[in-house]
There are 2 protein chains.
Amino acid sequence: MTAPRRAMLRALSQAGVPLSVQQIHEEANRILNPENGVGEEELDLVTAYRFANLLAEKNLAQRIEFNEGYFRYEIAESSERPHHHHLVCRSCGKIEDFQDCGLTHLTTRLEKESGFKVAEHKLEVFGTCPQCQITSR
Amino acid sequence: MTAPRRAMLRALSQAGVPLSVQQIHEEANRILNPENGVGEEELDLVTAYRFANLLAEKNLAQRIEFNEGYFRYEIAESSERPHHHHLVCRSCGKIEDFQDCGLTHLTTRLEKESGFKVAEHKLEVFGTCPQCQITSR
DNA sequence: TTGAATGCAAAATTTTTGCATGGAA
DNA sequence: TTCCATGCAAAAATTTTGCATTCAA
């Protein structure tokens with residue numbers, strides 16, 4: 001367990017929302033040394049890519065997509081942070097979690113109808129958060 | 001309406017499943033001239049990128065993500081092809097559609113609980129298709 | 001001490017942009 | 001004719017790989 005990895009894990013857990021590799025890189029560098037500016041990072045972007053891939057391979061993190069064209073990473077489900085999905089504000093990017101997606105019913109139905117064995121589902125909900133609804137009026 | 005665009009639209013509609021830009025490019029070239037091999041395409045990959053972006057901007061196509069790290073494109077919902085989601089085989093890549101995702105309930109609940117105005121949801125289901133379940137035994 | 005993780009450089013891949021040409025309407 | 005779409009070249013952005021060095025255990 002090295003300092004860069006500790007910083008990246010901390011970045012992920014304190015963010016509380018899925019982060020892109022770029023964001024992991026930025027946040028982790030801030031944690032390592034808040035004084036540093038851009039270009040004087042101690043943590044290389046390559047290391048962030050490698051670590052993110054590693055986490056995903058080992059199923060320690062999940063890859064999430066918000067229709068941005070790249071992955072975000074989030075610490076895997078656990079008893080502390082159980083199965084959940086995201087409600088994303090298209091305007092300001094705010095992310096809220098929600099649980100009880102109620103998809104077990106659907107899963108059962110699909111398995112019956114299609115013969116597939118369902119392993120997982122990916123659900124993200126997009127809209128406008130309360131603040132942005134006011135602002136945009 | 002040019003030949004390349006006609007071919008790309010036809011590729012999308014005859015595929016019936018969301019295609020990546022690379023796939024749109026390949027399929028459209030096949031349609032334009034089945035004799036051509038790789039490297040002698042008449043349709044440039046750049047054109048496929050531009051057209052895919054155009055379709056998405058104009059809401060004539062939807063961007064779909066299957067956790068592959070890139071977008072797939074699918075002709076937008078219509079009365080002929082109403083709101084649906086995808087059931088994707090992780091083993092062979094087979095894609096089946098399904099309707100009645102039953103998420104209006106969830107949407108209502110989320111709007112009430114979070115104050116968000118929900119605009120859309122992304123749902124994709126992953127698993128193993130019947131054939132692959134047999135093969136992998 | 002030793003293997004794994006890192007940084008740096010470079011390469012590979014993917015996507016976008018600029019610009020002159022060509023073709024549809 | 002006129003403007004938009006295209007191809008080609010090049011650039012930009014993103015992600016991966018190679019390798020020597022460093023560091024945690």
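Reminder, nothing fancy here: chain letters follow the sequence lines and each chain counts from 1. What you are looking at is a predicted structure, and each value in this text was computed from that prediction instead of being measured.
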Over how many whole Å does the gap from [X] atom [atom1] to [N] atom [atom2] extend?
X: B/Tyr70; N: C/dT14; atom1: OH; atom2: P; value: 9 Å
X: A/Gln22; N: D/dA12; atom1: CD; atom2: C1'; value: 13 Å
X: A/Glu42; N: D/dT22; atom1: CD; atom2: C1'; value: 15 Å
X: B/Glu68; N: C/dT15; atom1: CD; atom2: P; value: 12 Å
X: A/Lys58; N: C/dA4; atom1: NZ; atom2: P; value: 10 Å
X: B/Asp44; N: C/dT16; atom1: CG; atom2: C1'; value: 12 Å
X: B/Tyr49; N: D/dT6; atom1: OH; atom2: C1'; value: 17 Å
X: A/Met8; N: C/dA5; atom1: CE; atom2: C1'; value: 9 Å

Can a salt bridge be assigned to the pair A/Glu74 and A/Arg72 using a cut-off of 4.0 Å between side-chain N and carboxylate O? no
What's touching nucleotides 23-25 of chain C from the protein side, N or O pairs under 3.5 Å?
{"unit_1": "C/dA25", "atom_1": "OP1", "unit_2": "B/Met1", "atom_2": "N", "d": "3.3"}

With A/His85 as reference, evaluate A/Glu96, A/Gln99, A/Lys122, A/His121 under the side chain to side chain donor-acceptor pair (under 3.5 Å) test and give the passing residue. A/His121
Just checking, any donor-acceptor pair under 3.5 angstrom between side chains of B/His86 and B/Asp97? yes
Relative orientation of the end axes in the helix from C/dT1-D/dA25 to C/dA25-D/dT1, expressed as an angle to the nearest 10° (five pairs per end): 40°
Other than B/Tyr70, what residues sit in its cluster of Ile, Leu, Val, Met, Phe, Trp and Tyr side chains whose heavy atoms are under 4.5 Å apart, directly or through others? none
Members other than B/Leu87 in its cluster, when Ile, Leu, Val, Met, Phe, Trp, Tyr link by side-chain heavy atoms under 4.5 Å? A/Leu87, A/Phe98, A/Leu103, A/Leu106, A/Leu110, A/Phe116, A/Val118, A/Leu123, A/Val125, B/Phe98, B/Leu103, B/Leu106, B/Leu110, B/Phe116, B/Val118, B/Leu123, B/Val125
Just the table, please: protein N/O against nucleotides 18-21 of chain C N/O, every pair under 3.5 Å.
{"unit_1": "C/dG18", "atom_1": "O6", "unit_2": "B/Arg50", "atom_2": "NH1", "d": "3.3"}

Walking DNA chain C from its 5' end, the first of A/Leu54 and B/Asn53 to be reached, judged by nearest nucleotide, is A/Leu54
Shared hydrophobic cluster for A/Leu43 and A/Val46 (ILVMFWY, side-chain gaps under 4.5 Å): no
Residues that A/Tyr49 engages under ring pair (Phe, Tyr, Trp, His ring centres under 6.0 Å), provided they are two or more places apart: none
Donor-acceptor pair, side chain of [X] and main chain of [Y], under 3.5 angstrom:
X: A/Gln133; Y: B/Gly115; value: yes
X: A/Arg63; Y: A/Ala52; value: no
X: B/His83; Y: B/Glu77; value: no

Rounded to the nearest 0.5 angstrom, the CZ-CG distance for A/Arg10 and A/Leu32 is 9.5 Å
